[in-house]
Student: 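Please find one structure pasted underneath; my questions will follow.
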2 protein chains.
Amino acid sequence: MENKCVLIVDDESAIREMIRVALEMSDIDCMEAGSAQEAHAHIVDHKPDLVLLDWMLPGASGIELLRRLKRDELTKDVPVIMLTAKGEEDNKIQGLDVGADDYITKPFAPRELIARIKAVLRRAGQLEDESAIDVEGLTLDPASHRVFIQQKPVDMGPTEFKLLKFFMTHRERAYSRGQLLDHVWGGNVYVEERTVDVHIRRLRKALQTDHIDYGTLIQTVRGTGYRFSTTGANVA
Amino acid sequence: MENKCVLIVDDESAIREMIRVALEMSDIDCMEAGSAQEAHAHIVDHKPDLVLLDWMLPGASGIELLRRLKRDELTKDVPVIMLTAKGEEDNKIQGLDVGADDYITKPFAPRELIARIKAVLRRAGQLEDESAIDVEGLTLDPASHRVFIQQKPVDMGPTEFKLLKFFMTHRERAYSRGQLLDHVWGGNVYVEERTVDVHIRRLRKALQTDHIDYGTLIQTVRGTGYRFSTTGANVA
DNA sequence: TCGAGCTTTTACACAACTGTCATATTTATT
DNA sequence: AATAAATATGACAGTTGTGTAAAAGCTCGA
């Protein structure tokens, strides 16, 4: 599985370095930013999985940045843990009010930091849409992470599952192999486009039963890619 | 029966000590926290049976903590009694609004405190599902803290029991190892995720008998985690 | 302080899944 | 009908994730 990426925002590079060491011990990838501006640019740019934000940035801009992040639709879902020095306790609460997901007081034990980061990451990951999707007897249930054909569970690999989920939430529309790679495989992976064909094939196969063949819902759009459609196949 | 554990949250250690003495007279275990932050960490970590929370923490964070606790799925079920000083009576109402289970005005008689605590614990205790859960001949009885297969008692460790209880009360849904750690181990414990595998293994083993193998009810969701399901796995 | 009973970690084997290729098969074009 | 282009299919090997057992660590009570 891909590592989580945490952005460390602190003006003291020594502290950043210390935190980085702690996190990398736990297989968490780190990026660093020394100022609020730098941090903001990075967040918009790379969408880290979590931001560790020092309250005491020069210009008291830590809380400013937090507020700004939470105001913007694009960044409001990025979890933030505030770092506060002892004696700034009042600020913690303010931080929470503005939407920090947790706070931790310096100095802290690396273990505790890791534990909190993991806890926040875990909770953040849970927020996805979980209601089942049904198409003519083909049901995909994100909660149980399963697919059913007429209430009967169907077996398929993780990639096929994600692929089908994407299709069922984006029907009646053709996607190129490249787009599918982006959406299903996720951004920066280098994979042959032909690989998509293979997974389409596997998915179609999995959707076949003795009685019904739901594989035909995934239609080939020659020269373009594929499309999930409930209206029978037709000519271009 | 195991003693109940109450977390006392107050910034004055003298008051904490006084309360502690009173509670321990009644065989109630106590933990203490002097700040909202400390308290939150403790609650997530150890899930006390009840929290005695002073409204007047530095930074007026008592009410904040309460709000935070009630917002988070993991902690919303922990009962809270608010401690308010005379003259802050208006706050009581606010506290109740946010979800406190009761409130007490300082100064209070120890007898009264004990009485209220017991009342809240009693109420909370009743909410716990004490009725046995049965799935196709596999029975878990929270009251006796035992598991039966066709009326025959089954042996397993405490963690396996909690794990099974969680699964049986949360069926047909995939949980990541991280989520299982959150729910079964409790909050911020810092444990390898692979540890879950081992307990799953032991639980599955415990659920096997000469005749039936209930271990298969716990299904592996590759790349995701595990799921308790009564709809059998299926053919490829 | 020691030991029993659990829990957690570790290490390795194994099975499932993935990505790629080589080879059919289909579709479009002339 | 022949040819070119694109997709479908089956097989293979490398990779990843999980199962399993055994060892190391804890905890609590005698």
Side-chain angles (χ1 to χ4, degrees), chain A residues 1-3 25-27 111 114-115 118 145-147 154-164 174-178 180-182 184-186 188-208 213 215-227 233-236, chain B residues 2-3 29 46 145 147 154-164 174-178 180-181 184-186 188-208 213 215-227 233-236:
Chain A
M1 200 207 309
E2 202 174 296
N3 285 346
M25 295 261 288
S26 299
D27 272 330
R111 285 176 57 94
I114 302 280
K118 291 197 167 176
H145 221 264
R146 281 212 287 192
V147 175
V154 175
D155 259 344
M156 65 180 70
T159 305
E160 283 72 57
F161 181 84
K162 281 187 284 184
L163 190 54
L164 179 60
Y175 291 93
S176 71
R177 292 175 174 72
L180 290 173
L181 283 176
D182 276 353
V184 177
W185 274 252
N188 329 324
V189 284
Y190 176 61
V191 176
E192 285 295 321
E193 294 207 335
R194 287 274 145 235
T195 298
V196 174
D197 298 30
V198 178
H199 283 278
I200 290 280
R201 152 82 170 120
R202 288 176 184 151
L203 177 53
R204 280 177 174 156
K205 204 168 190 177
L207 295 181
Q208 276 172 252
D213 179 7
T216 57
L217 291 177
I218 297 163
Q219 302 168 356
T220 302
V221 184
R222 195 182 170 78
T224 300
Y226 299 93
R227 165 184 57 211
N234 37 30
V235 203
Chain B
E2 203 175 294
N3 284 348
D29 292 339
H46 303 296
H145 219 261
V147 176
V154 175
D155 258 343
M156 65 179 70
T159 305
E160 282 73 55
F161 181 83
K162 280 188 285 183
L163 190 54
L164 179 60
Y175 291 93
S176 69
R177 292 174 176 72
L180 290 173
L181 284 176
V184 177
W185 275 252
N188 285 334
V189 285
Y190 191 49
V191 174
E192 284 296 318
E193 297 205 332
R194 295 296 259 88
T195 298
V196 175
D197 297 29
V198 179
H199 285 277
I200 290 279
R201 151 82 170 126
R202 286 207 279 266
L203 177 53
R204 279 177 176 157
K205 205 167 191 175
L207 294 181
Q208 277 173 252
D213 179 7
T216 58
L217 292 177
I218 298 162
Q219 302 169 355
T220 301
V221 184
R222 184 172 238 267
T224 299
Y226 298 93
R227 163 184 59 214
N234 29 60
V235 205

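Lettering follows sequence order; numbering is per chain, from 1. Hydrogens, waters and symmetry mates are skipped; everything else that's a heavy atom, side chains included, is used.
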Student: Applying side chain to side chain contact (heavy atoms under 4.5 Å, CB included), can you list everything that pairs with A/Val221, at least two apart in sequence or on another chain?
Tutor: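 Here the qualifying residues are A/Ala174, A/Thr224, A/Arg227.
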
Student: Taking side chain as C-beta onward, heavy atoms only, is A/Leu217 less than 4.5 Å from A/Leu207?
Tutor: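 Answer no - side chains too far apart.
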
Student: From the list C/dT7, D/dT9, C/dT18, which nucleotide is the closest neighbour of the side chain of B/Pro158?
Tutor: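 Comparing C/dT7, D/dT9, C/dT18 against the side chain of B/Pro158, the answer is C/dT7.
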
Student: As an exercise, state the distance from CG of B/Leu180 to NZ of B/Lys162, rounded to the nearest 0.5 Å.
Tutor: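 Spacing of CG (B/Leu180) from NZ (B/Lys162) equals 12.5 Å.
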
Student: On DNA chain C, nearest-nucleotide positions of A/Met156 versus A/Val196: which is more 5'?
Tutor: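 Final value for this comparison: A/Met156.
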
Student: Tell me if the side-chain of B/Arg194 makes a donor-acceptor pair with the base of D/dG17, cut-off 3.5 Å, by modelled atom types.
Tutor: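 Such a pair does not exist between side chain and base.
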
Student: Between A/Thr220 and D/dA6, is there a contact of a side-chain N or O with OP1 or OP2 at under 4.0 Å?
Tutor: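 It does not, given that no N or O in the side chain of A/Thr220 lies less than 4.0 Å from OP1 or OP2 of D/dA6.
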
Student: Can you check the A/Asp197 CG to C/dT23 P distance for me, whole Å?
Tutor: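 Distance check: A/Asp197 CG to C/dT23 P gives 18 Å.
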
Student: Classify A/Glu193 by what it touches in the nucleic acid, base, sugar-phosphate, or nothing, heavy-atom distance under 4.0 Å.
Tutor: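 Nothing, no nucleic acid heavy atom in range.
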
Student: Below 4.0 angstrom from OP1 or OP2 of C/dT9, is there any side-chain N or O of B/Thr195?
Tutor: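 It does, given that an N or O in the side chain of B/Thr195 lies less than 4.0 Å from OP1 or OP2 of C/dT9.
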
Student: Rounded to whole angstroms, how far apart are NE2 on B/His199 and C1' on C/dT9?
Tutor: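 Taking atom C1' of C/dT9 as the reference, NE2 of B/His199 is at 11 Å.
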
Student: As a test of understanding, state which of B/Asp213, B/Thr220, B/Thr216 forms a side chain to side chain donor-acceptor pair (under 3.5 Å) with B/Arg204.
Tutor: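 Checked B/Asp213, B/Thr220, B/Thr216 against B/Arg204; only one passes side chain to side chain donor-acceptor pair (under 3.5 Å): B/Thr220.
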
Student: Let me spell it out: for each of A/Thr224 and A/Val198, pick the nucleotide of DNA chain D with the closest heavy atom. Which residue's pick is nearer the 5' end?
Tutor: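 On the 5' side of the pair lies A/Thr224.
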
Student: Is the shortest side-chain N/O distance from B/Trp185 to OP1 or OP2 of C/dT7 below 4.0 Å?
Tutor: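 Negative; the distance criterion is not met.
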
Student: Measuring to OP1 and OP2 of C/dT7, would you say a side-chain N or O of B/Thr159 lies under 4.0 angstrom away?
Tutor: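 Answer is yes, contact under 4.0 Å.
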
Student: Any donor-acceptor pair under 3.5 Å joining the side chain of A/Arg222 to the base of C/dA28?
Tutor: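 Between C/dA28 and A/Arg222, which were checked side chain against base, a qualifying N/O pair under 3.5 Å is absent.
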
Student: Verify the contact: side-chain N or O of B/Tyr226 to OP1 or OP2 of D/dG17, cut-off strictly under 4.0 Å; return yes or no.
Tutor: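 For D/dG17, neither OP1 nor OP2 has a side-chain N or O of B/Tyr226 closer than 4.0 Å.
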
Student: When you compare the side chain of A/Met156 with that of A/Lys205, does any pair of heavy atoms fall below 4.5 Å?
Tutor: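 The answer is no; the side chains never approach within 4.5 Å.
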
Student: What integer distance in Å separates A/Glu160:CD from C/dT18:C1'?
Tutor: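 The answer, rounded to whole Å, is 9 Å.
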
Student: Show the distances under 3.5 angstrom between N or O atoms of the protein and N or O atoms of nucleotides 28-30 of chain D.
Tutor:
none

Student: About how many Å separate OG1 of A/Thr195 and CD1 of A/Ile200, when rounded to the nearest 0.5 Å?
Tutor: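 A/Ile200 CD1 to A/Thr195 OG1: 12.0 Å, rounded to 0.5 Å.
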
Student: Is A/Arg177 close to A/Tyr226 at the side-chain level, that is, under 4.5 Å between some pair of heavy atoms?
Tutor: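 In contact.
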
Student: Could you check how far CD1 of B/Ile218 sits from P of D/dG19, rounded to whole Å?
Tutor: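 Taking CD1 of B/Ile218 and P of D/dG19, I get 11 Å after rounding.
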
Student: Would the base of D/dG19 count as contacting B/Arg204 through its side chain, where contact means a donor and an acceptor less than 3.5 Å apart?
Tutor: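 It does not, because no donor-acceptor pair links the side chain of B/Arg204 to the base of D/dG19 below 3.5 Å.
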
Student: To the nearest Å, how far apart are A/Arg202 CZ and D/dC12 P?
Tutor: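 Answer to the nearest Å: 14 Å.
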
Student: Looking only at side-chain N and O atoms, does A/Arg177 come under 4.0 Å of OP1 or OP2 in D/dT7?
Tutor: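 For A/Arg177, the contact criterion (side-chain N or O under 4.0 Å from OP1 or OP2 of D/dT7) is met.
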
Student: Rounded to whole Å, please give me the gap between CG in B/Leu181 and C1' in C/dT9.
Tutor: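 Checked: the CG to C1' distance equals 14 Å.
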
Student: Rounded at 0.5 Å granularity, tell me how far CH2 in A/Trp185 sits from CG in A/Leu163.
Tutor: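 It comes to 5.5 Å.
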
Student: Can you measure B/Gln219 atom CD to C/dA16 atom P for me and round it to whole angstrom units?
Tutor: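 To the nearest whole Å, that distance equals 15 Å.
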
Student: Taking atom P of C/dC6 as reference, at what distance in whole Å does atom CZ of B/Phe161 sit?
Tutor: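 Value for this atom pair: 14 Å.
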
